[in-house]
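Step one of this worksheet: look at the structure below.
Each chain gets a letter, A, B and so on, in the order its sequence line appears, and its residues count up from 1. Not measured: the values here are computed from a predicted model.
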Amino acid sequence: MKKKLILIDGNNIAYRAFFALPLLNNEKGIHTNAIYGFTMMLNKILEEEKPTHMLVAFDAGKTTFRHETFKEYKGGRQKTPPELSEQFPFIRDLLKSFHIPQFELENYEADDIIGTLSLEAEKKDFEIKIYSGDKDLTQLASEKTTVCLCRKGITDIEEYTPEHVKEKYGLTPQQIIDMKGLMGDSSDNIPGVPGIGEKTAIKLLKEFETVEKVVDSIDEISGKKLKERLQEHKQQALMSKELATIKRDAPLGITVEELEYQGPDWEKVQSIYKELGFQSLLEKIDQTQETEVQPLEKLEYQTVEEITEDLFEQENSFYLEMIGENYFISDIVGMAVQNEKGIFYLPTESTLKSPVFKKWAEDETKKKTVFDAKRTVIALRRHGIELKGIEFDLLLASYLINPSESPSDFADVAKLHGFNEVQSDEAVYGKGAKLKLPDREIYEEHIARKAVGLTKLAETCRDVLKENDQLSLFYDLEMPLALILADMEWTGVKVDVDRLTEMGDELHNRLQEIEKEIYELAGQEFNINSPKQLGHILFEKMGLPVIKKTKTGYSTSADVLEKLESSHEIVRYILEYRQLGKLQSTYIDGLLKVVHQNTHKVHTRFNQALTQTGRLSSADPNLQNIPIRLEEGRKIRQAFVPSEKDWVIFSADYSQIELRVLAHISGDQKLIEAFREDMDIHTKTAMDVFHVQKEEVTSNMRRQAKAVNFGIVYGISDYGLSQNLGITRKEAGQFIERYFASYPDVKEYMDEIVREAKRKGYVTTLLHRRRYLPEITSRNFNVRSFAERTAMNTPIQGSAADIIKKAMIDMAERLKKEQLKSRMLLQVHDELIFEVPPDEIETMKKIVPDVMEHAVELKVPLKVDYAYGPTWYDAK
DNA sequence: TGAGTCACGC
DNA sequence: GACGTACGTGACTCAT
């Protein structure tokens, strides 16, 4: 077996982890972020590299032999924060329990230890990988040594081989030292040659190879200034090079053979994890211990040539693979089934043609566990097969268990729940431009593995759901909803393409006129869509006052431009250009791109396992953000029409569902009464906050009250509210205080939910949906505040999401029961949209509000408004 | 290809 | 007082 040595720059990795992660601490008040990050990194390395030899090198003392050369070396460095220093002993202990050798050497830095050992190991024909965050180490890259630098964070790794160094800098690894010599390194206080940066250094080295040769050939260098500088600082350059050179012959007194890695003492590791409170890592131990016993062996599965009935059982895991997100477009790669009889790979073509398969798929009594039921149903429906008997959707289960960890890749979900025997899709199929189908055996096994994973994981996840009291949420809400959404997506929405094209033409003309006008007023042509160019024109050329800056330059967002409207005529045109441009590119062109040629329908995909709050999202096209606020944009809705002649679009929306939910869960009497009496809630809020009678509420007071309610519903901060209302943060804060004074039970709820989130680590909704908020104990005010607002807001938004989902299920059932032809088409968070034949309008006017209003019983009534018309636009 | 900015909805 | 500000999708630019 090939010997593989991993060398880790201990100080550097700890340092990186410390700054990449929030300042976590455990029960005893010990800071743990650097330890945690370090451990994560370590685990990742062990898992992915499977080293035979290993060492973590640390810096010894403050002074090294380099200080003899240059006493300011590493001068001006910030002292290591005590919060980090105190973590080092734990890291050392942990390494001990992992049986990973660690080493430090008086007068030398970790770099030199690594340099010396890597050289020795190269001679002994090891494969070597070096982990650090310090670019200096790239000088050690060679044919046998790869330098892995973490970029931002701790797990994002960039691997430097000599080729990669060449690509990045155009230099050999050895020349990295020369580069440092010329340009210096501010973090180590290496001076280099003043005025020479990376670019110049690289240019010089490409021509002269080394600092020495550069110095010898100063006369040949072009550029007077450069020449002078080099002349003046040539000694400094040579010294800088020396400082940057990693020693490869440090007197270590150990040999590579002594660094053999034999695996951890799991018990010790476990007890340290326990002491530090590393819950997730503890769980991982159990898993790795289990899986390490039986490493990825070749999977025994059978490729089925001809499908026969005896392949299937009463209970089966069924995995259907597609590459590509859009299951309305992508092709099926293959399918696999696992049951008590074995693991079977089903080749696409023959399977889809097989009547036996069809019969099994459509048999309600043959139970199936799948990953992403909606995708699977639609993929098969495109081939005339109606998948029935879906009992468990692992994607949805995983999403409910923890919405923040709900990736679309099966391998991610599998790993999360302790099943490591599936590769990531990216590893198998590649990504982006490199996406392609690998050899047949490879993807067959990959797909078969997923079927195996399904069986195991479904069991685990079912237990967790039960533990979390989420079985009903899963079986009675999300699972049935998936099938309803599949039908809605499949039905699609008809688009009046001619109308859309017409609107597009008109917009195009108007945009051209506005564009001309803008160029004229600006005195030149430029790209109005480029914030950079626009900022240049407005704030530099035309000298308009700068209201706000962004990271990269001047802000040109709408709220800034609105403030500038009176300053110059051009601003109005730009705002209009933006508005119309948005309509044109996103809603006209964008929509036309996804309309199906023959049917003139769009088939949005609702993502049911994405948002942190439990809402759905919609994509390709996103039909949840079709304009409505401004008349100009609202007209887009005229292009959404019923798919059959004389039918109507029927839209029903919950009135103030979030605030009603708030009234319910806070139990605030004043709010409850307001809703029971069906008052205008913003007027009511204005009355309570401003202490006035109904008649005295001005439109401005109502507007402000509305913004406060908005803030409550969306969990915005005083800052957010101040931006919304154009007032100071202080004033906004006072508003919020007054609101809480008026509704003390709401205040009490908010305080309690934050306490609960801190206690339990998560918050829940009406129907037991969860959202974990680990950041609620953060030391960072902003991070913590954000988590606190999330704690207050998620139960409100999430419960509203629960309610409308329940309404959708009831509605689908009712349509079926009453044998109506009306179809549910869309959900837009608090609104359901149907297409309805004329003779069912009267029925729907009764049924829809009835079903929606009684989806759940709250302490306040739910209220639904509805409207209908020949287009979506008219359903207002 | 990815980050940044902007804009639409709830 | 810090610091960056609900949840999404998508278009566009610009540097890499």
Side-chain angles (χ1 to χ4, degrees), chain A residues 151-152 156 167-168 325 403-404 431-434 526-535 548-561 574-575 577-591 593-594 604-607 610-630 632-634 636-637 653-654 656-659 710-724 729-730 732-733 771 778-794 796-798 800-801 804 826-831:
Chain A
R151 290 183 284 201
K152 57 171 185 222
D156 186 12
E167 250 170 58
K168 260 203 114 121
E325 283 198 359
S404 72
K431 68 165 184 178
K434 284 181 223 146
F526 64 100
N527 188 344
I528 306 166
N529 278 324
S530 161
K532 196 176 154 197
Q533 293 181 35
L534 179 62
K548 202 166 72 181
K549 284 201 153 200
T550 65
K551 263 184 265 182
T552 50
Y554 310 107
S555 169
T556 64
S557 60
D559 59 316
V560 169
L561 294 186
I574 290 167
L575 281 167
Y577 183 88
R578 281 255 179 91
Q579 194 203 329
L580 300 183
K582 173 80 180 173
L583 294 181
Q584 175 81 285
S585 67
T586 306
Y587 297 108
I588 306 274
D589 299 344
L591 211 50
K593 255 185 248 166
V594 292
T604 188
R605 282 171 299 118
F606 290 104
N607 198 332
L610 185 133
T611 70
Q612 300 303 299
T613 52
R615 278 185 171 184
L616 301 174
S617 77
S618 153
D620 292 325
N622 182 351
L623 293 182
Q624 291 183 321
N625 72 342
I626 303 300
I628 189 164
R629 243 181 58 247
L630 301 170
E632 199 73 73
R634 189 175 199 152
I636 299 282
R637 294 178 174 230
D653 68 294
Y654 281 111
Q656 302 297 349
I657 186 165
E658 283 98 349
L659 289 174
F710 175 85
I712 299 287
V713 166
Y714 287 124
I716 60 174
S717 59
D718 51 359
Y719 180 91
L721 182 64
S722 72
Q723 291 294 300
N724 241 321
R729 211 177 79 190
K730 202 168 163 198
R771 180 173 187 178
S778 167
R779 292 270 188 109
N780 181 315
F781 175 84
N782 292 309
V783 174
R784 189 178 63 247
S785 302
F786 183 49
E788 286 172 357
R789 294 202 305 275
T790 310
M792 303 184 224
N793 161 254
T794 296
I796 302 175
Q797 255 206 56
I804 193 161
L826 296 173
Q827 188 249 52
V828 191
H829 308 311
D830 65 352
E831 179 183 8

A/Tyr577 meets the ring-ring contact (aromatic ring centres under 6.0 Å, His included) criterion, sequence neighbours left out, with none
Inset, instruction - Report yes if at least one side-chain N or O of A/Arg615 is closer than 4.0 Å to OP1 or OP2 of C/dC7; otherwise report no. - result: no
task: Tell me what A/Ser555 touches on the nucleic acid: a base, only sugar-phosphate, or nothing, going by heavy atoms under 4.0 Å.
output: sugar-phosphate
Sorted by chain and number, sequence neighbours left out, ring-ring contact (aromatic ring centres under 6.0 Å, His included) with A/Phe606 holds for none
Rounded to whole Å, the CZ-C1' distance (A/Arg729 to C/dG4) equals 10 Å
How far does the P atom of B/dA3 sit from the matching atom of C/dT5, given to the nearest Å? 16 Å
Donor-acceptor pair, side chain of A/Tyr587 and main chain of A/Asn625, under 3.5 angstrom
yes
Per atom distances to the A/Thr611 side chain, the nearest of B/dG9, C/dG8, C/dA6 is C/dG8
In short, salt bridge (charged side-chain N to carboxylate O under 4.0 Å, His left out) pairs touching residues 711-721 of chain A with sequence neighbours left out are A/Asp718-A/Arg729
Across all chains, not counting sequence neighbours, the side-chain contact (heavy atoms from CB on, under 4.5 Å) partners of A/Lys551 are none
To the nearest angstrom, the CD1-P distance between A/Ile588 and C/dG10 comes to 17 Å
Which of B/dC10, B/dA7, C/dA6 is nearest the side chain of A/Ser557? It is B/dA7
So the salt bridge (charged side-chain N to carboxylate O under 4.0 Å, His left out) pairs with at least one residue in residues 552-561 of chain A (sequence neighbours excluded) are A/Lys548-A/Asp559
When all nucleic acid strands are considered with a 4.0 Å heavy-atom cut-off, which category describes A/Phe781: base, sugar-phosphate, or nothing?
-> base
With the side chain defined as heavy atoms from C-beta on, A/Arg637 is closest, among C/dA6, B/dC6, B/dG9, to B/dG9
A/Tyr554 atom OH is separated from B/dC6 atom P, nearest whole Å, by 14 Å
Separation of B/dC10 atom P from A/Gln827 atom CD, nearest Å, is 12 Å
- Please work out if A/Ile628 contacts a base, only the sugar-phosphate, or nothing of the nucleic acid, heavy-atom cut-off 4.0 Å. sugar-phosphate
By side-chain contact (heavy atoms from CB on, under 4.5 Å), A/Ile628 pairs with (sequence neighbours left out) A/Arg634, A/Arg637
Sorted by number, residues from residues 617-624 of chain A placing a heavy atom under 4.0 Å from DNA chain C are A/Ser617, A/Ser618, A/Ala619, A/Asp620, A/Asn622
| task | Quote, to the nearest angstrom, the P distance that separates B/dC6 from C/dA6. | result | 16 Å
Handout entry: C1' gap between C/dG4 and B/dG4, integer Å
Key = 16 Å
What contact category does A/Asn793 fall into here, base, sugar-phosphate, or nothing, at under 4.0 angstrom with non-hydrogen atoms? nothing
Sorted by chain and residue number, the side-chain contact (heavy atoms from CB on, under 4.5 Å) partners of A/Gln579 (sequence neighbours excluded) come out as A/Leu630, A/Glu632
### Query
Under 4.0 angstrom, heavy atoms only, what part of the nucleic acid is A/Gln723 near: base, sugar-phosphate, or nothing?
nothing
Review point. Hey, does the side chain of A/Thr550 come within less than 4.0 Å of B/dG4's phosphate (OP1/OP2), counting only N and O?
Key: no
Contacts of A/Glu788 meeting salt bridge (Lys or Arg N to Asp or Glu O under 4.0 Å) (sequence neighbours excluded), chain-then-number -> A/Lys758, A/Arg784
The reported gap from CD1 in A/Ile712 to CG in A/Leu659 (rounded to nearest 0.5 angstrom) is 8.5 Å
Reading nucleotides 11-16 of chain C from 5' to 3' and marking B where a protein heavy atom lies under 4.0 Å of the base, S where only the sugar-phosphate is that close, and - otherwise, the string is SSSSS-
Side-chain contact check for A/Thr556: nearest option of C/dA6, B/dC8, B/dC6 is B/dC6
Taking Watson-Crick and G-U wobble contacts under 3.5 angstrom, with | marking pairs to another strand and [ ] crossing pairs, the secondary structure of DNA chain C is written ......|||||||||.
Winner on side-chain proximity to A/Asn625, out of B/dG9, B/dA7, B/dG4, is B/dG9
Looking only at B/dC8, C/dA6, C/dG8, the nucleotide nearest the A/Tyr587 side chain is B/dC8
By side-chain contact (heavy atoms from CB on, under 4.5 Å), A/Thr790 pairs with (sequence neighbours left out) A/Arg771, A/Leu773, A/Phe786, A/Thr794
Quick note, A/Leu610 side chain, CB onward, closest among B/dC10, C/dT9, B/dG4 is C/dT9
